[in-house]
Amino acid sequence: QVQLVESGGGLVQAGGSLRLSCVVSGRTSNTAAMGWFRQAPGKEREFVSAINWGGKTTYYTNSVKGRFTISRDNAKNTVFLQMNSLKPEDTAVYSCASHRYTAIETMEDAARTYDYDYWGQGTQVTVSS
């Protein structure tokens with residue numbers, strides 16, 4: 001059974017940084033595109049970033065461009081989200097998800113939640129002002 005486990009969340013002051021990790025288990029090798037989503041209290045789940053299997057194609061929602069960087073280590077079945085210059089509005093539960101395809105073709109495809117077939121439980125990120 002495929003499992004995704006996130007880590008790296010926590011409490012940080014505005015302007016600070018965190019690095020989230022998502023380890024995928026249950027697969028000999030993780031060839032799926034991967035995504036990060038977040039959900040703040042009282043709000044809908046929001047797409048944050050995605051990365052194709054090869055790691056060369058990435059997608060970001062506008063609000064995190066230039067501050068967040070997604071990457072992956074396929075040898076370790078791990079996906080990362082480096083978050084810099086954090087803002088209070090970044091506060092949310094961050095979840096990683098495994099896409100049903102190896103490559104995502106468009107930003108619209110990256111943000112479509114029903115194309116992700118496995119999800120982690122999430123890790124809390126809280127940014128204080």
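Counting begins at 1 with the first residue of the sequence. Quick caveat, the model's predicted, so the values are computed rather than measured.
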Minimal heavy-atom distance between Y116 and F47, with the atoms involved, is OH-CE1, 4.2 Å
How long is the gap from CZ on F80 to CE on M83, to the nearest 0.5 Å?
13.5 Å
Distance-only side-chain donor-acceptor flag, T91 / E89, under 3.5 Å:
no
Starting at CZ of R19, measure out to OG of S71 and round the result to the nearest 0.5 Å.
6.0 Å
Please check this pair: side chain of T102 against backbone of T31, looking for a donor-acceptor N/O pair closer than 3.5 Å.
yes
I'd like to know if the side chain of Y59 and the backbone of I104 have a donor-acceptor N/O pair within less than 3.5 Å.
yes
Ion pair R100/D117, N-O distance below 4.0 Å:
no
Nearest 0.5 angstrom please: Y94 OH to L20 CG, how far?
7.5 Å
Checking the side chain of E6 only, and the main-chain atoms of G122 only, is there a donor and an acceptor separated by less than 3.5 Å?
yes
Rounded distance [0.5 Å steps], OG1 in T58 versus CZ in F68
14.0 Å
Checking R72 side chain against G54 main chain: does a donor-acceptor pair fall under 3.5 Å?
no
May I ask you to decide if V23's main-chain N or O and T78's side chain share a donor-acceptor pair within less than 3.5 Å?
no
Below 6.0 angstrom between ring centroids: does that apply to F37 and W119?
yes
Using a 3.5 Å distance criterion without hydrogens, assess whether the side chain of Y60 forms a donor-acceptor pair with backbone atoms of I70.
yes
Do R112 and D109 sit within salt-bridge range, that is, some charged N less than 4.0 Å from a carboxylate O?
yes
Between the OG1 atom in T123 and the CG atom in L81, the distance rounded to the nearest 0.5 Å is 11.0 Å
Does Q82 CD have over 12 foreign heavy atoms under 6.0 Å away?
yes
